[in-house]
Amino acid sequence: MDVAVTRIDLPWPARVAASDGTTVWCSAAGRMRVYTASGTPLDGGEAVRLPELSSLAAVPATVPRTAGVPGTLPETVVVPRTFAGPPHLGSLSESPLRGTLAGTAQGRVHWLDPAGAPLAAAPFSTGPFSTGPFSTGPFDGRVLAGGGEIWAVGAERARRLTAPGDLGEPVELPGLDRCAVEGERLWWTSKRDTLVRGGPREVDLWTRERGGMTVCAGSLWISVAGGLERVSAWSGEPRRFVKLPKGPVPFLVCANGVLAGGERDLFVLDPAAGAAARVIRLGLKARLAMVVAAGKHIWAFPADRPQALIVPL
């Protein structure tokens with residue numbers, strides 16, 4: 001390793017994980033552990049019992065507008081808790097600075113409290129939208145977060161989480177392949193063609209070989225062979241292709257405006273600095289199972305061991 005990477009042992013290999021920038025939740029086999037972004041266990045390190053989750057996503061308490069806060073970019077989501085003093089380290093369920101934590105399990109979307117305990121649940125297909133081909137069977141999709149919002153994304157349909165127990169109207173995504181969340185907007189690609197949709201205009205990537213995608217520093221980033229395709233999140237115009245030694249890679253995340261991704265090792269790219277991507281070698285034999293952005297840290301989970309590698313940015 002060429003940076004000060006911290007290894008922490010987990011009580012079990014994490015199946016799903018999420019962060020709101022200050023807190024990290026790790027879950028497997030119906031158990032939840034909660035940590036600070038730097039790896040300190042919270043609430044005494046006790047595991048919360050809950051349904052076995054197949055996905056997990058988190059957002060902080062947010063204000064969906066710009067504000068005069070040093071270090072924020074125009075038209076990004078401002079996170080008040082970052083500037084409201086240190087995070088509450090007592091009982092997480094009593095914290096006044098909580099945002100939203102949600103997961104999927106047993107064919108339903110679950111809202112969780114800051115300790116990971118269930119608060120509310122809802123089926124993906126309800127009301128006038130409960131008929132049709134998507135509703136013939138349990139929901140096997142996932143929750144994805146970005147821009148202060150969480151979406152439940154299924155095979156060809158997505159719904160935004162609007163309040164505990166409530167989902168917004170469905171958005172059709174025919175042939176969905178990859179998806180990235182930007183607040184109330186979804187960027188997505190289809191298995192049927194080479195276009196990326198959801199922005200002000202459709203953009204042709206000219207390839208069906210695509211990896212991870214995320215929105216970071218005002219751009220949509222898509223991992224492809226040889227590097228990263230980049231699309232303006234405001235105009236939808238393609239931007240300069242970024243070359244990388246590998247691609248496509250399965251994981252792309254955004255940590256405080258810094259892009260990170262990888263498969264075995266990590267690369268880190270700061271678009272605001274304009275510097276070339278740097279590679280962080282983790283020395284792993286197995287591929288990564290997950291990569292999660294946690295404030296100024298990246299949490300990387302090896303697939304072959306119950307550990308998390310915490311990489312400072």
Side-chain angles (χ1 to χ4, degrees), residues 10-20 23-35 47-59 99-126 129-130 133-146 149-162 164-168 170-171 173 175-181 186 188 191 211-214 250-253 286-294 299-308:
L10 304 176
W12 11 258
R15 183 183 180 192
V16 296
S19 174
D20 65 355
T23 305
V24 178
W25 292 266
C26 302
S27 180
R31 297 167 293 180
M32 179 82 78
R33 290 288 297 268
V34 190
Y35 301 85
V48 174
R49 303 293 300 185
L50 72 163
E52 183 170 358
L53 300 175
S54 57
S55 69
L56 190 64
V59 293
T100 300
L101 178 66
T104 52
Q106 301 173 351
R108 298 167 68 86
V109 180
H110 294 260
W111 283 255
L112 310 172
D113 73 12
L119 285 175
F124 184 74
S125 297
T126 57
F129 308 105
S130 59
F134 189 85
S135 62
T136 59
F139 171 56
D140 61 354
R142 61 200 188 280
V143 282
L144 297 174
E149 301 285 349
I150 298 177
W151 286 72
V153 181
E156 294 194 344
R157 182 178 294 183
R159 301 181 71 176
R160 187 168 61 89
L161 279 62
T162 56
D166 292 326
L167 297 165
V171 176
L173 309 171
L176 176 66
D177 181 26
R178 300 281 180 165
C179 184
V181 174
L186 288 178
W188 59 284
K191 298 173 184 176
M213 61 188 293
T214 191
F251 304 112
L252 280 184
V253 297
R287 289 183 172 88
L288 293 169
M290 287 183 293
V291 176
V292 172
W299 282 50
F301 297 84
D304 62 343
R305 67 190 74 164
Q307 280 187 338

May I ask you to test the [X]-[Y] pair for a side-chain heavy-atom distance under 4.5 Å?
| X | Y | result |
| --- | --- | --- |
| Val143 | Val153 | no |
| Thr104 | Phe124 | no |
| Trp299 | Val253 | no |
| Leu186 | Val181 | yes |
| Met32 | Leu53 | yes |
| Leu101 | Leu56 | yes |
| Cys26 | Arg31 | no |
| Trp151 | Cys179 | no |

side-chain hydrogen bond (donor to acceptor under 3.5 Å, both in side chains) against Arg108, all qualifying residues, sequence neighbours excluded: none
Residues that Arg178 engages under side-chain hydrogen bond (donor to acceptor under 3.5 Å, both in side chains), provided they are two or more places apart: none
Atom of [X], atom of [Y] and distance for their closest heavy-atom approach:
| X | Y | answer |
| --- | --- | --- |
| Ala300 | Leu288 | CB-CD2, 3.8 Å |
| Pro123 | Leu167 | O-CD1, 3.5 Å |
| Met290 | Ala17 | SD-N, 3.5 Å |
| Pro13 | Ala28 | O-CB, 3.2 Å |
| Ala121 | His110 | CB-ND1, 3.7 Å |

Reported CG-to-CG distance for the pair Leu119 and Leu50, which is rounded to 0.5 angstrom: 11.0 Å
Gap separating the CZ atom of Arg160 from the CG atom of Asp166, nearest 0.5 angstrom: 11.0 Å
Flag, side chain of Trp25 to backbone of Pro114, donor-acceptor distance under 3.5 Å: yes
Whether Glu156 side chain and Leu176 backbone form a donor-acceptor pair below 3.5 Å: no
CZ (Arg305) with more than 12 external heavy atoms under 6.0 Å: yes
